[in-house]
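Notes for the one structure printed next.
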Amino acid sequence: MRLSSSAGEKGCRSLGGFRLAAVHSLAALIAGGLFVGHVFAKPVPRYNLYFGDLHTHTGYSDGVGTPWDAYATAIAAGADFLATTEHDSYGFWLSPEEWEDNLAAADFYTSRNFVAMAGYEYWIAGSGEINVFNTRDFPPVPEDPEQRPSPGSHGAPNVVLPAFYDWLGQQPGAVGQWNHPTYVSHEFFEFDFWSPQRDAGMGLIEVWNDSWFYTEDSYVKALDAGWHVMPAANADNHTPDWISGWPHRSVLLARSLTPDGLYGAMAAGRGYATVDPNLRIYYTLNGAVMGSTLSPTASYGASVSIEDPDGQAITLVEIVTDGGEVAASLATNGPVVEWTPTLTSATARYYYVRVTSESNEAAVLASHNGGEGITAVTAPVWTGR
């Protein structure tokens, strides 16, 4: 598996593919190959949007088929990337031979037009499951038999969970994702055990998982606890319809469609979660793209550009800050939005964007999970406080 690469850029999903004719002033955001903002002192680098899924299964754990099937199906469905994340609990389910085959499949299918990611879903005793990306290695087996979990067993989370975070932070380039955070534990014990080193290893948290989990509240709690993570929307499917059967998309902002580019976006928390499979969002604050950290100031100029290429109406755009409070909102009724509000706060630590729309996919999921048509949630820009 190529955990790093310098392959070329995929242009078909780049900023240049955005419907400029439909947005009268969006051209002001593009200059000399740079994505720039409306009140920005400095331009920021242009990023492309890449759509995929970061939580899927095959028959190498409790799904069907093989990683080879999964990657091929995702490519046929038009995805930019797919991660297969088999269950592993100190060797349970995912065997060493299957892991090596998964790595081989990921290496085979990674190209200029697609990134195949071999990851795994790691069971943390009494805490829940965390996806691990961009490492061939697994956490060491604890010496204490009581801390060697198997399905249904529980160790001491105040020992096992921080030890895992420490291990993850020590793996060069590795990235973690909290999966379905209300499953098993209460949000990984209120997202306790934060430290700067542990923060560096965790990059994502699921806000959507299948049709039954909508957990933006957990996302807010993680941000309030100090973690610098982006939201993800993943199918967690155990059926042979990778990408094609699901509207969930984790969208990563990167300069090129390469393993380096995508893993770098995940580590930086640069992207957004959506249940509309092609919804396009660009969000900056004081010129800094989502996932960035600013130097504190009292006033912030936001720039939000959104398009639903299918023409479904976006009905509400909100900028959300600490504690889940709405700092600004805009009621709309069309498939394209361009909004440049000014935010003023001497205390806010982050701002992210939440989008509600008439997306058919969002409406179906809302009937299950109470999301009320919420279609997308972006990574924050952190203020530096």
Ile130 and Phe138: same hydrophobic cluster, using ILVMFWY side-chain contacts below 4.5 Å? yes
Quick one: does any side-chain atom of Trp382 pair with a main-chain N or O of Tyr350 as donor and acceptor, under 3.5 Å? no
Start with the C-alpha distance between Asn237 and Asp210, add both sets of side-chain angles, then the distance that settles side-chain contact (heavy atoms from CB on, under 4.5 Å), and finish with yes or no. CA-CA 7 Å; Asn237 60 297; Asp210 195 349; over 6 Å; no
Linking I/L/V/M/F/W/Y whenever any side-chain heavy atoms sit under 4.5 Å apart, do Trp339 and Tyr272 land together? yes
Counting distance only, does the side-chain N/O of Thr135 pair as donor-acceptor with the main-chain N or O of Asp137 below 3.5 Å? yes
Counting N and O atoms only, with roles assigned by atom type, does the side chain of Thr383 sit under 3.5 Å from a partner on the main chain of Ala348, one being a donor and the other an acceptor? yes
Any side chain to side chain donor-acceptor pair (under 3.5 Å) pairs touching residues 166-175, not counting sequence neighbours? Asp166-Arg198
Check against side-chain contact (heavy atoms from CB on, under 4.5 Å), Val304 and Val317: CA-CA 9 Å; Val304 183; Val317 183; 4.2 Å; yes
Do Asp217 and Thr215 have side chains that approach each other closer than 4.5 Å (heavy atoms only, starting at C-beta)? no
Output the distance between atom CZ (Phe81) and atom CE (Met117), rounded to the nearest 0.5 Å. 5.5 Å
Could you tell me whether His87 and Trp123 have their ring centroids closer than 6.0 angstrom? no
Tyr71 pairs by side chain to side chain donor-acceptor pair (under 3.5 Å) with which of Thr58, Asn102, Thr110? Asn102
Going by atom types only, do Asn234 and Glu206 share a side-chain donor-acceptor pair under 3.5 Å? yes
More than 12 heavy atoms from other groups under 6.0 Å of CG on Asp192: yes
Rounded to the nearest 0.5 Å, what separation is found between the OG1 atom of Thr274 and the CG atom of Leu279? 4.5 Å
Run the side-chain contact (heavy atoms from CB on, under 4.5 Å) check on Ser218 and Phe191 step by step: do they pass? CA-CA 9 Å; Ser218 299; Phe191 301 106; 4.2 Å; yes
Quick one: pull up CD in Glu98 and OG in Ser61 and give me the separation to the nearest 0.5 Å. 8.5 Å
Is the side chain of Arg136 donor-acceptor paired with the backbone N or O of Trp99 at a distance under 3.5 Å, no angle test? no
Side-chain donor-acceptor pair present, Tyr351, Asp322, cut-off under 3.5 Å: no
Is a donor from one side chain sitting under 3.5 angstrom from an acceptor on the other, for Gln197 and Asp199? no
